[in-house]
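Structure first, commentary second.
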Protein chains: 2
Amino acid sequence: MSRNYAGLSRERIIIEALHIIAGRGLGGLSMRRLGDALDVEAMAIYHHFPRGKEQLFNAIAAYVTTARVVSGLTEGQGPPEEEPGSEEAPAEAAEADDRPWDERLTTWAEAYRARLLTYSGALSLLMHRAPHTLGEEDTRALLHTAFTEAGLAGTDVPRACDALHSYCLGSVAHQVRHRGQEDSPEEAEALARFRFGLRALLGGLSG
Amino acid sequence: MSRNYAGLSRERIIIEALHIIAGRGLGGLSMRRLGDALDVEAMAIYHHFPRGKEQLFNAIAAYVTTARVVSGLTEGQGPPEEEPGSEEAPAEAAEADDRPWDERLTTWAEAYRARLLTYSGALSLLMHRAPHTLGEEDTRALLHTAFTEAGLAGTDVPRACDALHSYCLGSVAHQVRHRGQEDSPEEAEALARFRFGLRALLGGLSG
DNA sequence: ACCTGAACACCGTTCAAGT
DNA sequence: ACCTGAACACCGTTCAAGT
């Protein structure tokens with residue numbers, strides 16, 4: 001039929017997919033429905049994600065976990081990692097944060113939580129996918145230096161990083177899990193609970 | 001064709017489903033495949049789970065989260081909750097635990113972690129389902145009294161419970177997420193990391 | 001009550017074809 | 001390079017029918 005230069009891109013596809021997920025849940029995302037939303041035949045998506053839905057899922061997971069995402073510039077240098085999802089912006093100079101370690105960690109944790117909450121429909125995608133993005137590398141460095149500053153050393157550092165990651169991920173999972181239940185807390189109280197546990201964890205880690 | 005008194009039951013179906021999930025992942029579980037594994041036409045499952053796959057998923061989630069599960073005795077009294085998944089055994093007298101609160105919590109947390117790890121293939125099912133089982137009620141009581149004993153009061157108690165739940169769930173999710181990755185820890189080190197964070201969290205909560 | 005078998009609408013994916 | 005359209009194997013679910 002009529003040709004369709006839809007101007008498809010990996011990022012457009014991912015974003016549209018996230019909209020569908022937000023509206024109808026992860027189970028409501030089908031290639032055909034995604035095609036419809038993009039005004040394209042479902043099969044057009046395979047040109048951008050040749051390995052199909054699994055690859056799309058990986059890209060969504062990477063998109064969700066990586067903070068700095070920017071429109072599809074730097075195309076065509078061959079992917080340095082498996083599924084970067086989309087290209088990442090340069091580290092915008094990271095303007096050295098001179099606040100105490102616990103404030104830096106708290107800021108990071110609350111931002112990470114907010115991000116997971118925003119894409120909570122895709123949360124179960126993260127359960128079996130740990131994308132290897134540049135953002136993850138930055139996070140690793142941030143947490144590492146903060147915990148070192150807190151007085152940790154040796155194997156305690158990666159263990160503390162793990163604990164913090166686990167707490168954030170679990171906290172959002174736990175909140176989503178009980179959402180819409182009888183006595184489930186409002187977002188304000190949910191945030192308060194998150195902070196309560198976070199303070200305890202950070203205190204216990206540095207003690 | 002030949003009649004088939006397969007002796008199907010909700011529990012048999014759930015257990016077979018868990019086997020398939022363990023072997024081929026959650027996406028590999030289809031009603032038809034489940035029927036094959038049970039030597040039955042797929043449609044026979046709908047007699048035991050009239051609301052289909054969604055109801056089966058709820059039942060699996062309940063089965064996974066509830067410790068005390070026993071074969072399908074007490075049938076036919078009408079479900080007191082939405083999807084109990086299968087019947088639960090009586091509380092087996094709970095033989096009062098007189099150890100200090102932190103040891104009791106540690107024991108609970110490690111058992112909960114082990115259980116989630118056993119059914120890690122079904123982990124993403126728990127992400128959007130918080131079944132209302134008797135076992136959950138017991139847990140609530142256990143954690144509540146332990147944290148009260150630790151010196152917490154008022155809103156701090158449910159917040160501490162939330163934090164502990166979140167940490168356990170997130171810890172398993174985090175482990176499964178990185179499983180099979182280059183420098184992902186062995187199970188022994190994973191357990192050590194879990195304990196490290198758990199000790200920190202409990203210490204921070206009671207401090 | 002418990003299970004079968006055909007049917008329907010939908011799905012992911014392949015492949016040849018169009019521009 | 002980018003997208004279409006038909007095709008195939010598979011899926012969840014309904015419904016009438018068997019015992």
message = Within this structure, what is the CG-SG distance for the pair L117(B) and C168(B), rounded to the nearest 0.5 Å?
response =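 Interatomic distance, L117(B) CG to C168(B) SG, rounded to 0.5 Å: 11.5 Å.
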Whole angstrom value for the distance that separates [atom2] of [N] from [atom1] of [X]:
| X | N | atom1 | atom2 | answer |
| --- | --- | --- | --- | --- |
| M31(A) | dT13(C) | CE | P | 6 Å |
| L8(A) | dT4(D) | CG | P | 9 Å |
| Y46(A) | dC2(D) | OH | P | 18 Å |
| K53(B) | dA9(C) | NZ | C1' | 16 Å |
| L34(B) | dC3(C) | CG | P | 13 Å |
| R51(B) | dT14(D) | CZ | C1' | 17 Å |
| M43(A) | dC2(D) | CE | P | 19 Å |
| E41(A) | dA16(C) | CD | P | 19 Å |

Sidechain-backbone polar pair: [X] side chain, [Y] backbone, donor-acceptor under 3.5 Å:
| X | Y | value |
| --- | --- | --- |
| R199(B) | L205(A) | no |
| R193(A) | D162(B) | no |
| S120(B) | L123(B) | no |
| R159(A) | G197(B) | no |

Checklist entry - Between F194(A) and R113(A), is there a cation-pi geometry (under 6.0 Å to ring centre, at most 45° from the normal)? => result yes
Nearest heavy-atom neighbours spanning A173(A) and L169(B):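 Taking A173(A) first and L169(B) second, the nearest heavy atoms are CB-CD2, 3.7 Å.
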Practice prompt. Mind listing the closest non-hydrogen atom pair of L18(A) and Y63(A) along with its distance?
Written response: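 That closest heavy-atom pairing would be CD1-CD2, 3.6 Å.
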Query raised in the report: Relative to each other, are the rings of W108(B) and Y112(B) parallel, tilted or perpendicular (30° and 60° limits)?
Result: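 Aromatic pair W108(B)/Y112(B) classed parallel.
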Inset, instruction - Using only side-chain N and O atoms of H48(A), determine if any of them is under 4.0 Å from OP1 or OP2 of dA1(D). - result: no
Base-pair string, DNA chain C, Watson-Crick plus G-U, cut-off 3.5 Å on both distances, | for inter-strand, is ||.|||||...|||||.||
Within residues 20-29 of chain B: residues closer than 4.0 Å to DNA chain D (heavy atoms):
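Contacting residues: L29(B).
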query: Contact class for G35(A) (heavy atom, under 4.0 Å): base, sugar-phosphate, or nothing?
result: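 No contact.
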The residue, R32(A) or H47(A), whose nearest nucleotide of DNA chain D is more 5′ is H47(A)
